[in-house]
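Contents: one structure, followed by commentary.
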Amino acid sequence: MGVRNVKKYFGPTRALDGASFSARAGEIHAVVGGNGCGKSTMAKVVSGILPIDSGSVSILGETPSTPAESRALGISTVYQEVLVADESSVVDNIFMGADSLFTKKMSQERKVQRAAELMHELSGEVVDPFTLVGTLPLGLKQWITIARALLSEPKILILDESSAALDFDSTERLFAKMRDLRDGGTTVLIVTHRIAELIRISDRATVLRDGRDVGVLETEDITEKNLLALMTGEDQGDAHHPHLAPQPHDNVVALKANDLAVWPDGKQFDFELRRGEIVGVAGLDGQGQDGFVRVLAGVQEAEHGLIQIRDNHGEMQPVRNLAEAVAHNITYVSGDRKREGIFASLSIFENMVMPLYREKKRGGILGVIDRVTLGAIFKRETENLMIKFGMRDDKITSLSGGNQQKVLIGRGFAMRPDVIVLNDPARGIDVGAKAELYKHLKEFAQEGKTVVYMSSELEEFMGFATRVIVFRDGAPFDAFDGRQLDPKTILEAMFGQTGGEGLTTEYGLLPSQAAVASRGVSASADGVRVKVVVPDALKPATHRQARVETTTVRTDPDHSSRDIKSQDAKTKGKPIKIVEFDHDTLQPRQVTR
């Protein structure tokens with residue numbers, strides 16, 4: 001496969017500006033670069049979908065100019081967008097385009113059997129071939145598009161950001177399948193922004209920047225430092241400066257949930273968010289974490305329980321639907337931009353600022369949209385997130401997938417929320433844009449606002465999340481302190497291999513109460529009860545030295561003087577022995593009277 005000095009323009013935009021690329025038979029070759037660098041355009045040129053303006057393309061000795069010619073040569077492509085027909089069944093989606101107009105390659109019974117086999121092999125789950133695709137989660141939809149590409153046993157398989165909709169376990173399954181195909185002589189071309197993934201899977205990597213190829217790295221040279229240096233044009237240096245996860249300044253609860261359940265007949269739990277924290281949410285695909293963040297944002301109705309948010313007067317107000325969430329300054333950003341994010345027929349400008357039309361208007365009852373103010377907001381957010389675009393009135397579909405996602409994130413910030421809920425928002429955006437996103441979210445939290453961040457990439461939480469809650473079977477399974485995160489331990493929790501003790505700690509579901517409980521003090525109706533706990537090994541010594549009791553002290557003013565006199569009468573003339581124990585050795589070291 002060879003591409004030489006290819007140029008491809010979309011109006012004034014130079015998607016490819018003299019780029020070259022080559023791949024060998026029986027290798028996994030990555031094409032990597034920042035958003036808008038031309039990765040997806042290169043994949044479409046190789047697939048025969050896009051005609052080139054100049055240059056040459058040679059695929060297996062031919063130059064395909066249509067998708068049909070590419071398929072005939074043995075090229076299969078899985079595109080960045082999850083292209084499925086929601087109203088059709090799984091089997092119909094997988095075999096879409098496999099038959100000619102008047103003939104079929106296999107019987108319907110065989111198709112159903114083959115579809116079931118492919119989905120089980122790829123996803124590890126038993127999927128009913130007759131299920132309507134629209135009822136399935138995004139991860140299974142992505143597997144359907146991959147199964148469709150594998151039907152023809154391709155000589156060249158092109159995967160354009162195909163792991164973006166998959167969780168960790170599913171990504172590992174995909175990698176195993178890619179290695180099997182490579183070992184069988186298939187050329188696997190992956191277009192990706194996930195540096196950690198391509199380092200593990202690639203035999204070679206071609207880096208694109210601004211429509212040009214700027215370097216090809218062999219296996220031993222594919223490192224994060226080398227990739228970032230080529231992608232950005234800057235030497236990243238050897239130093240790595242970790243950033244500390246933000247910590248709330250107080251324990252003021254910004255949002256709470258009582259007796260919440262996100263699945264029918266699911267486990268109920270309480271949950272609290274404090275002002276100034278970033279809460280990471282993780283879990284294997286389909287374990288309830290997606291439903292949880294959608295419920296918090298009012299996008300999905302809870303199966304049970306109530307969510308409340310603190311308003312500007314300090315009162316807790318219910319959040320039962322999207323309208324109430326928006327009214328109380330909760331913003332939701334989806335990672336599924338095609339289904340829940342963009343308005344494909346509208347411009348880049350309208351996609352970002354449309355939710356502000358009612359707020360930013362003038363002219364009284366005329367309701368004239370204040371485009372000057374909206375233009376300033378648009379300019380600020382596009383610069384903050386480094387969105388690459390031509391004209392702001394161009395349709396949003398003229399942007400790369402990553403830049404479309406940045407527009408959605410910019411829309412969320414433009415609404416100036418108190419709580420922002422992000423559902424895998426970095427899917428499809430490059431490492432530079434991710435760094436900017438993390439920076440803005442940290443600054444957002446430092447202002448006393450709150451962030452809920454669900455991600456399928458564990459690396460995103462490192463040095464970023466205040467705490468991480470792992471979901472399993474529709475409910476929180478374990479929780480971890482963001483200052484001491486270990487991806488391996490989080491992964492173990494995702495597979496149910498931890499004890500779940502983190503849920504009851506100060507970084508668990510109820511951090512404010514847990515913090516108080518951890519100090520050993522609890523409030524009760526009849527005063528303050530102080531309990532002294534003595535280790536079993538020291539009980540004989542304490543019996544000899546002093547008697548330790550649990551005492552309740554009343555704070556009722558009508559009884560306080562009588563209680564004190566009673567205590568004085570009991571203790572008058574009796575010495576009290578006090579034993580002090582060493583903190584490290586637990587041995588008695590001082591006795592006083």
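All residue numbers refer to positions in the sequence shown, counting from 1.
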Between [X] and [Y], does any side-chain N to carboxylate O distance fall below 4.0 Å?
X: Arg182; Y: Asp203; result: yes
X: Glu121; Y: Lys177; result: yes
X: Glu218; Y: Arg24; result: yes
X: Asp86; Y: Lys141; result: yes

(Q) Checking Phe95 now: which residues fulfil ring pair (Phe, Tyr, Trp, His ring centres under 6.0 Å) with it, not counting sequence neighbours? (A)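 Ring pair (Phe, Tyr, Trp, His ring centres under 6.0 Å) check on Phe95 returns nothing, list empty.
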
State whether the side chain of [X] and the backbone N or O of [Y] hold a donor-acceptor pair below 3.5 Å, judged by distance alone.
X: Asn93; Y: Ser89; result: yes
X: Lys395; Y: Leu346; result: no
X: Arg204; Y: Ser22; result: yes
X: Ser398; Y: Asp394; result: no
X: Asn5; Y: Gly55; result: no
X: Thr145; Y: Tyr79; result: no
X: Thr135; Y: Leu132; result: yes

Whether the [X] and [Y] side chains hold a donor-acceptor pair (N or O, under 3.5 Å, no angle test) is what I'd like checked.
X: Ser76; Y: Ser152; result: yes
X: Thr206; Y: Asp213; result: no
X: Tyr453; Y: Glu460; result: yes
X: Ser347; Y: Glu350; result: yes
X: Ser40; Y: Asp160; result: yes

If you count the non-hydrogen atoms of other residues, nucleotides and ligands that lie under 6.0 Å from [atom1] in [X], is the total more than 12?
X: Met391; atom1: CE; value: no
X: Glu153; atom1: CD; value: no
X: Gln108; atom1: CD; value: yes

**Q.** Residue pairs involving residues 52-66 (criterion side chain to side chain donor-acceptor pair (under 3.5 Å); sequence neighbours excluded)
**A.**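 Residue pairs passing side chain to side chain donor-acceptor pair (under 3.5 Å), neighbours aside: Ser65-Glu69.
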
Q. Step by step, would you call Val45 with Leu16 a side chain to side chain contact (heavy atoms under 4.5 Å, CB included)?
A. CA-CA 10 Å; Val45 164; Leu16 292 176; 4.1 Å; yes

Q | Nearest heavy-atom neighbours spanning Ser47 and Thr77 | A |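 That closest heavy-atom pairing would be OG-OG1, 2.7 Å.
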
Q: Over all heavy atoms of both residues, which pair between Leu399 and Gln404 is shortest? Give the atoms and the distance, please.
A: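 Here Leu399 and Gln404 meet closest at O-NE2, 3.1 Å.
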
Q.
Please evaluate residues Glu492 and Thr489 with respect to the criterion side chain to side chain donor-acceptor pair (under 3.5 Å), reporting the C-alpha separation (whole Å), side-chain torsions for both, the decisive distance (0.1 Å), and the verdict.
A. CA-CA 5 Å; Glu492 290 173 350; Thr489 307; 4.6 Å; no

Q: Please confirm whether Tyr438 and Phe461 have ring centers closer than 6.0 angstrom.
A: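 Not close enough - the centres of the two rings lie 6.0 Å or further apart.
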
